[in-house]
Amino acid sequence: MPNEKDMKEIVALCKRRGFIFAASDIYGGINGFWDYGPLGVELKNNLRDFWWKSMVKNPPIGPDGHPVQIVGVDSSIIQNPKAWVASGHVGGFSDPMVDCRETKKRYRADHIVVLKPKDGGERWIAVMEDDDDFMAARLKKVAKGKTGDDFAHVLLVDLDTSEYAKVLAPDAKEVGTLTEPKEFNLMFESHAGPIQSDDNKVYLRPETAQGIFLNYKNVLDSSRVKMPFGIAQIGKAFRNEVNPRNFIFRSREFEQMEMEWFCHPDEAKTWRDFWFEQRMKFWEAIGLAGSNLIKRDHDDDELSHYAKEGLGTADIEYRFPFTAPGYGELEGVAHRCDFDLNAHQEHSKTKMQYLDTERDNEKYIPHVIEPAAGLTRGVLALICEAYTPDSNRPSGVYLNFDPKMAPKKAAILPLIAKGDHPKVAEKIYMDLREEFEIDLDIKQNIGKRYARQDEIGTPYCFTIDDQTIEDNTVTARERNTMAQERVSIDKLSEYLREKLK
RNA sequence: GCGGGUGUAGUUCAAUGGUAGAACGUCAGCCUUCCAAGCUGAAUAUGCCGGUUCGAUCCCGGUCACCCGCUCCA
């Protein structure tokens, strides 16, 4: 299947050409961490800068026909731990899990209900919470037709672990196979200061959003922003994922691009719809168009703690090779209500109310619409989308990056490594590199060099030949079609500028 | 965290209880007027730790990493 996008080959290409390496490769790697190589960092920066431009520097026109207002921040990765208590991450970002020694299955301890026979029977039957079908089937099988009413219902987490010996696990045949609950804390911990104790325990942020909420008041007091407005941030975030998988898709250290849009509660729906549409346009503008990009609304039972009320969350998902025919999340647009500002107001005793002079001096805590995108997931989507096997060209594959995203915009290639060609090439290179990311490649035959540029997704190659010496034109070779045209040397900047729009 | 699989050069693959090979890629030189051409040469590998053995890349144990399936995934 020559035209299938094979994840193994994509990963190999990423390493071979310097996009993405396993972190600490020479020590055998480390699970859940990846490094960006010379081309990977260019690609990531291009995506990052395009996001910043489309949010902060040149934000879209709002529904009322006027440009919206968004400012940026860059907050610390480590915050006062109270911030994570207030945000709900200390309490809610960890789950107690139990394993079954017999069946090797794992369950959320707080989702298991234990049925204690009212007649004093010694076998306590564990079932999934809120799953009546499962309970009925289970009781039919192991309790001879008794019903739920014949039992006292107790949460597993409320049992003493010494009582686990009586518990029959949900899929087990024998009692007493459940392990003690283990905490799965998804937040990385460290210590601020050289002496480790509980007193100076700190967390590496699991999302960049809280750094925005913590600075909401500072920004409001210093920046002359008015409701509605946004605060944007790009940065690293850390999660102790149980099981990092799928290359850089689920890693323990990753990068987010988040914008918190503050607005009057009555306008939340308008802005939620507006931002979702804008975010779709963003990804489409850099090449993720078509059926590989979809919208998906979250089901009620998967909503975050902050989004249970309100309008919920809608994801923008991309069909990665490893999720196909399904999709994987690229970005979520959530209605966080006033959850975060309320929580911080309560915990920090700092007033988060906004005095809206344009609404008759109404005081309110604004609602938040949050478009939160994965930068590193975006990079992966761009690579997967661009990866194009093509048996008709020497490289066998090329990366069809949108020119705006391509790590190198053009390569300058003297046809022959001798005579005047290299001199002219170097001059063109020096001129163009002031404005664009440019490769200068002199050695080896021209076919090899075209092929190499195809593999790293360089959209244009400018080749210097004898005619160049006579009339100051070069051949411009286009990556996708391999078509060539002659362009005047003094028009090359303009040529690239036009193509990169 | 569980189960299964895989670890040999940058990549894709060979081979072997006793000197680890190839192709492509990379680098250098020659050649070359437009798509990995040709010639010459070079560098680079048995994931890591331990055991058995005279000798282990090969057998065994552990570990790490990756892949698949569960589980999990604010």
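Only heavy atoms go into these numbers, but all of them, side chains included; no hydrogens, no water, no symmetry mates. Below, chain A is the first sequence line, B the second, and so on; all start at residue 1.
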Nearest-angstrom distance, [atom1] atom, [N] to [M]:
N: B:C35; M: B:G17; atom1: C1'; value: 48 Å
N: B:A14; M: B:A22; atom1: P; value: 16 Å
N: B:C70; M: B:A9; atom1: C1'; value: 36 Å
N: B:A28; M: B:A43; atom1: P; value: 15 Å
N: B:G69; M: B:U52; atom1: P; value: 40 Å
N: B:U57; M: B:U6; atom1: C1'; value: 15 Å
N: B:G21; M: B:U26; atom1: P; value: 24 Å
N: B:U8; M: B:C66; atom1: C1'; value: 16 Å

Expressed in angstrom and rounded to an integer, what is the separation of [X] atom [atom1] from [N] atom [atom2]?
X: A:R245; N: B:C68; atom1: CZ; atom2: P; answer: 7 Å
X: A:D25; N: B:A9; atom1: CG; atom2: P; answer: 12 Å
X: A:R449; N: B:C34; atom1: CZ; atom2: P; answer: 12 Å
X: A:I20; N: B:U11; atom1: CD1; atom2: P; answer: 15 Å
X: A:I456; N: B:A36; atom1: CD1; atom2: P; answer: 17 Å
X: A:L13; N: B:U26; atom1: CG; atom2: P; answer: 13 Å
X: A:N392; N: B:C35; atom1: CG; atom2: P; answer: 15 Å
X: A:I416; N: B:C34; atom1: CD1; atom2: P; answer: 8 Å

Reading RNA chain B from 5' onward, which residue's closest nucleotide shows up sooner: A:I464 or A:A12?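 Result of the comparison: A:A12.
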Tell me which of A:F33 and A:N243 sits closer to the 5' end of RNA chain B, going by the nucleotide each one is nearest to.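 Its nucleotide being nearer the 5' end, the pick is A:N243.
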Within the structure, does a side-chain N or O atom of [X] lie under 4.0 Å from either OP1 or OP2 of [N]?
X: A:K448; N: B:A37; result: yes
X: A:K443; N: B:C27; result: no
X: A:R452; N: B:U26; result: yes
X: A:Q444; N: B:A28; result: no

Side-chain ion pair, A:D454 and A:R477, N-O less than 4.0 Å: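 Yes, charged N to carboxylate O under 4.0 Å.
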Counting C-beta onward and ignoring hydrogens, is there a side-chain heavy-atom pair between [X] and [Y] closer than 4.5 Å?
X: A:L492; Y: A:D431; result: no
X: A:F262; Y: A:L341; result: yes
X: A:K15; Y: A:D25; result: yes

Give the nucleotide from the list [options] with an atom nearest to the side chain of [X].
X: A:K418; options: B:C31, B:C27, B:G1; answer: B:C31
X: A:T463; options: B:C34, B:A36, B:C68; answer: B:C34
X: A:V242; options: B:C66, B:G1, B:C35; answer: B:G1
X: A:W34; options: B:C66, B:C68, B:C34; answer: B:C66

Could you check which nucleotide pairs with [N] in any of the strands shown, counting Watson-Crick or G-U wobble with both distances under 3.5 Å?
N: B:G50; answer: B:C60
N: B:C39; answer: B:G29
N: B:U16; answer: none
N: B:G55; answer: none
N: B:C24; answer: B:G10
N: B:C66; answer: B:G5

Spell out yes or no: do the side chain of [X] and the base of [N] have one donor N/O and one acceptor N/O closer than 3.5 Å?
X: A:R477; N: B:C35; answer: yes
X: A:Y27; N: B:C48; answer: no
X: A:R17; N: B:G10; answer: no
X: A:N445; N: B:G38; answer: no
X: A:D465; N: B:C34; answer: yes

NA contact type, [X], heavy-atom cut-off 4.0 Å: base, sugar-phosphate, or nothing?
X: A:Q453; answer: nothing
X: A:F21; answer: nothing
X: A:A22; answer: nothing

Using only heavy-atom distances, determine whether the side chains of A:D490 and A:N472 contain a donor-acceptor pair under 3.5 Å.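 On atom types as modelled, these side chains do not qualify, holding no pair under 3.5 Å.
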Is the distance between the ring centroids of A:F320 and A:Y318 less than 6.0 Å?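 Yes.
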Are the ring centres of A:Y495 and A:Y460 closer than 6.0 Å?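 Judged by ring-centre distance (under 6.0 Å), A:Y495 and A:Y460 do meet the cut-off.
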Considering non-hydrogen atoms only, spot the tightest contact between A:M259 and A:G230 and give its length.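 Result for this residue pair: SD-CA, 3.9 Å.
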